[in-house]
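Every number for a ligand or one of its atoms is a count from 1 in the order of the listing. Heavy-atom basis, side chains included; hydrogens, waters and symmetry copies ignored.
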Amino acid sequence: MNEAIYKGKVIHLQTIAREKYQLIYEQSLRKKLTCPACGEPVLFYLGIEKKPHFYHEHKPMCIPQSVDQGNVISFVSPSPLSLKEKRKNEKLSGYLQQLKEANIDLDASQIKAVRKINGPLLVLAGAGSGKTRVLTARTAYMICEKQIDPKSIMLVTFTTKAAKEMSNRLCTYPGIAHSGIPVIGTFHSLFYRMLQHFDPIRWHHHRLIKWDWQKEQLLKEIGREVGIDERDFAYDEAIQQISYWKNTLTPVHSLSPKNEWEEHVIYLYTKYEEIKRMRGQFDFDDMLIGCYEMLHENHDLLMRYQERFRYFLIDEFQDINKVQYEIVKLLSSHTNHICAVGDDDQAIYAFRGSDPSFIFQFQQDFPNVETVTLTENYRSTHQIVSLANKIISFNRTRMPKQMHAQFDLNLHPTFFFPYDEEEEATMIAHDIQERIKAGAEPHEFAVLCRTHAATRALFERFSQLRLPFVVDSDGESFYKRRIVRYLLGYLKLSLDPNDEEAMNDVLAALFLKQTALNDLKAISIIDDCSLVEALVKLEDIQPFQKQKLRNIVPLFQTIAHLKPFEAIETIEKDMGFSDFVKKRGNEGNAIERGSDDIRDVKVVAKKFKTVRAFLSHIEKMIAQHEQMKREKQENAIQLTTIHRAKGLEYNYVYVLSAVDGHLPHDYALDAYRNGETAPLEEERRLLYVALTRAKYGLFISVPTMRRLKKANASRFVSPFLKISNPKARL
Ligand SMILES: Nc1ncnc2c1ncn2[C@@H]1O[C@H](COP(=O)(O)OP(=O)(O)OP(=O)(O)O)[C@@H](O)[C@H]1O
């Protein structure tokens, strides 16, 4: 049905502007749309598979009409005939046969990697080609077939989650329950354990600088003394840069600044190290450097560890950094029994100092290395594998390899074209809802985003539709982000001029000290006025600030009566918020700029008519976020960043906003304009990682608008969209 009654009038889908679809959708959820034939409520379909239309939830449509396929482009690649019956049945014996009987199949290349125990081994593997399976099977084979003492095996993973997953899997393997499992952990956890053993006082966990905010505080203290103004200086980027230098074992004295910013960071780096040393503190990077120095300088200790650990297995080798690589080399130099497993196409941590070129280095440093390449992809359909192969082939710095799928389904990777972020969220949520109704389980779905902030719209839609979902566990609600909170402070004060918490946030945006809050409270009691009115009575501030506050204070009342979008524009332009964002909005931070957050807030604000309704929606979303953190749902849709989805797999994957600026991220595009190609290649690898998480269904969203501006399809996917007929085959 293309017609419905809304507010007493017939509305036709053909004549409604696309940007209004979301509004119609929300009204339909509130049962505000009715059927022109029977007068009962109708819902608005805004999904992926079919064109938008009205429908009855529990009965057939009154005015039957065929519903066309949605406006999508499918990627179709002819299936090679050889897909079926690809696997030859190799005759197996011993433990490998036991594995087979336990349904842990291995192909010829995987078996080769499992059997090669002594000497250096490099397993170069595409996505979904069974790296994890090889690592676990190889470990079990060493223990159960070769009778190697599990205590002499060190298995290093990239994340704690992967370590847990690996040890859980291993425990289910035949024979392992009796023999025990090896030492499994991340670089940090394993090396930290060694340090603690060596010098428990120096490396006591009380001395650890655990959080970035602690580092930031310390750097700001140092910066303040020499006048590095935090309003103009991206401290969080400085933290990342210092960490990068440490992980690449770049000592401070070897650095020569390329610009003023680097000059400042080098100064901060020097002082940061000095202060830490003086206070006897350490950070996570120091655990790696400390371990390297400990083993390098203490030959007896190194020998003891070499005696203890004789076999090394390293997962995600493409993400190793210099200091980690050097430690592994030291430890394994005694036996050379080292197996590195990696995929250069999945290297996505360059910003932390990871460097896939250690894969090449490995081949030089361990001259007798045997290399096994795994190219059979067991995870995804042929269609997904073909698309991923094609996309990644555009990268220049990579080891050429092609993955080959093992199976195919009549389900093709689909590009779809929402109007904007809001409609994108609706289409995805709707599609998932339909698939769940048809029998799929929530945990089979993942929605993958480039940045955590981009999860906002999906979070809201999933909550609205009561779909079970989980977001990155340590991520905060979008509305709790610093700049967003400050902006919302103005709106809150417009409704309640005595809201202390909001005033506390707004003070920073007005360039006033936090101590001003106490002064304001005192003034409001003595002069019997609100906290907002007290702003103009503040003493001990510059005359220009006084004048500014005099101009701003009356506007608090004005914005209370504006539509939220207009109110935000007033806050930005007339209440000085834009100036604040320019100065302190992390504008120097290429990945998370405050001004981008504000544009995201404006997208939501557009949907509301009153400030009150807008704020109450936000309150609800924050509460929902808190509740979600408390109650971990097992069977839930995963809403996560691509970085966090690494190593995982899902039946259905939705890739959010494949548009230039999001994926690839703006920072990589800026770097590309300045002649640097590496960041853009890393962004392409991120897309590759996202695509290869999908087993069966892959949906890539290409919205027309983003952050209220026209968006261009991501340069990574545009070659696949250049066809006039949406159903045409590629
Ligand atoms: N020989 C095999 N036969 C059947 N299935 C396999 C085989 N090897 C691996 N698999 C399955 O293929 C999927 C991918 O395997 P795994 O997770 O080990 O791949 P991976 O190389 O670590 O993936 P990625 O690097 O993309 O995260 C898993 O579901 C695994 O059980």
Side-chain angles (χ1 to χ4, degrees), residues 83-90 92 96-97 99-115 122-141 155-159 161-170 172-173 313-319 339-349 356 359 372-382 384-385 387-389 391-392 399 401 403-407 443-444 446 448 638 640 642-651 653 685-696 698:
L83 263 184
K84 282 181 210 122
E85 290 306 315
K86 226 175 167 177
R87 194 96 47 85
K88 284 193 205 88
N89 263 337
E90 201 178 323
L92 297 171
L96 291 176
Q97 180 60 28
L99 284 180
K100 193 176 169 52
E101 281 160 17
N103 270 335
I104 302 162
D105 271 330
L106 295 167
D107 66 30
S109 309
Q110 291 173 328
I111 290 175
K112 201 166 163 198
V114 167
R115 278 190 179 139
L122 177 64
V123 182
L124 264 183
S129 62
K131 288 186 285 295
T132 317
R133 181 171 288 206
V134 164
L135 277 172
T136 41
R138 189 174 188 272
T139 311
Y141 179 80
L155 203 171
V156 190
T157 61
F158 196 67
T159 62
K161 196 170 171 185
K164 222 179 257 166
E165 162 75 16
M166 208 77 92
S167 87
N168 287 346
R169 261 205 220 183
L170 207 49
T172 64
Y173 279 29
L313 296 96
I314 322 282
D315 193 14
E316 308 273 15
F317 196 70
Q318 73 283 354
D319 285 324
C339 164
V341 180
D343 176 7
D344 56 322
D345 288 332
Q346 292 189 67
I348 53 173
Y349 284 100
I359 296 182
V372 174
T373 311
L374 307 179
T375 52
E376 306 299 312
N377 177 304
Y378 293 96
R379 175 178 296 139
S380 317
T381 63
H382 163 71
I384 294 172
V385 170
L387 179 63
N389 272 339
I391 286 182
I392 200 65
M399 295 184 173
K401 59 182 131 46
M403 292 182 297
H404 306 289
Q406 304 299 302
F407 69 102
H443 67 81
E444 295 176 42
L448 306 183
Q638 301 295 310
T640 181
I642 300 171
H643 281 102
R644 281 188 175 247
K646 188 142 180 255
L648 305 175
E649 59 185 28
Y650 305 91
N651 287 354
V653 166
R685 290 195 291 269
L686 267 172
L687 176 60
Y688 174 81
V689 169
L691 304 180
T692 53
R693 299 308 94 201
K695 288 164 120 179
Y696 316 127
L698 175 61

**OP:** Salt-bridge test for Arg169 and Glu165: reply yes if a basic N is under 4.0 Å from a carboxylate O, no otherwise.
**Re:** yes
Original post:
Can you check side chain to side chain donor-acceptor pair (under 3.5 Å) on Tyr378 and Asp107, steps first, answer last?
Top reply: CA-CA 10 Å; Tyr378 293 96; Asp107 66 30; 2.4 Å; yes
**OP:** Would you mind reporting whether Thr373 and Met399 have side-chain heavy atoms less than 4.5 Å apart?
**Re:** no
**OP:** For Gly647, take its heavy atoms, then give the atoms of ligand 1 lying under 4.0 Å from any of them.
**Re:** 27 (O)
Original post:
What part of Gln406 sits under 4.0 Å from ligand 1 if we count only heavy atoms: the side chain, the backbone, both or neither?
Top reply: neither
Original post:
Which is closest to atom 17 (O) of ligand 1 in terms of heavy atoms, Gln346, Glu165, Arg379?
Top reply: Arg379
Original post:
Donor-acceptor pair, Lys131 side chain versus Gly126 backbone, under 3.5 Å?
Top reply: yes
Original post:
Backbone, side chain, both or neither: what part of Thr132 comes under 4.0 angstrom of ligand 1, heavy atoms only?
Top reply: both
**OP:** State if Ser129 counts as touching ligand 1 under the rule of any non-hydrogen atom under 4.0 Å.
**Re:** yes
Original post:
Against heavy atoms of Ala127, which atoms of ligand 1 measure under 4.0 Å?
Top reply: 26 (O)
Original post:
Would you say Val385 and His404 make side-chain contact, with heavy atoms under 4.5 Å?
Top reply: no
Original post:
Non-hydrogen atoms of Asp343 versus ligand 1: any pair closer than 4.0 Å?
Top reply: no
**OP:** Side-chain contact test, heavy atoms from C-beta onward, threshold under 4.5 Å: evaluate it for Val156 versus Asp315 and give yes or no.
**Re:** no
Original post:
Any N/O of Gln110 closer than 3.5 Å to an N/O of ligand 1?
Top reply: yes
Original post:
Which atoms of ligand 1 are found less than 4.0 Å from any heavy atom of Arg693?
Top reply: 24 (P), 26 (O), 27 (O)
Subject >> Lys646, portion touching ligand 1 at heavy-atom distance under 4.0 Å >> reply: neither
Original post:
Could a heavy atom of Lys695 be found less than 4.0 Å from some atom of ligand 1?
Top reply: no
Subject >> Heteroatom distance test (Gly130, ligand 1): nitrogen or oxygen, under 3.5 angstrom >> reply: yes
Original post:
Arg685 and Asp344: side chain to side chain contact (heavy atoms under 4.5 Å, CB included), yes or no, with the steps?
Top reply: CA-CA 9 Å; Arg685 290 195 291 269; Asp344 56 322; over 6 Å; no
Subject >> Residue-ligand contact Thr692/ligand 1, heavy atom below 4.0 Å >> reply: no
**OP:** Ignoring hydrogens and angles, tell me if any N or O in the side chain of Arg379 forms a donor-acceptor pair with the backbone of Ala127 under 3.5 Å.
**Re:** no
Original post:
Would you say the side-chain atoms of Ser380 pair up with the backbone N or O of Ala694, donor to acceptor, closer than 3.5 Å?
Top reply: yes
Subject >> Gly128 N/O to ligand 1 N/O under 3.5 Å >> reply: yes
**OP:** Report the part of Glu376 in contact with ligand 1, treating N, CA, C, O as backbone and CB onward as side chain, heavy atoms under 4.0 Å; options are side chain, backbone, both, neither.
**Re:** neither
**OP:** Please work out whether the ring planes of Phe407 and Tyr696 are parallel, tilted or perpendicular, with thresholds of 30° and 60°.
**Re:** perpendicular
Original post:
Against heavy atoms of Asp107, which atoms of ligand 1 measure under 4.0 Å?
Top reply: 1 (N)
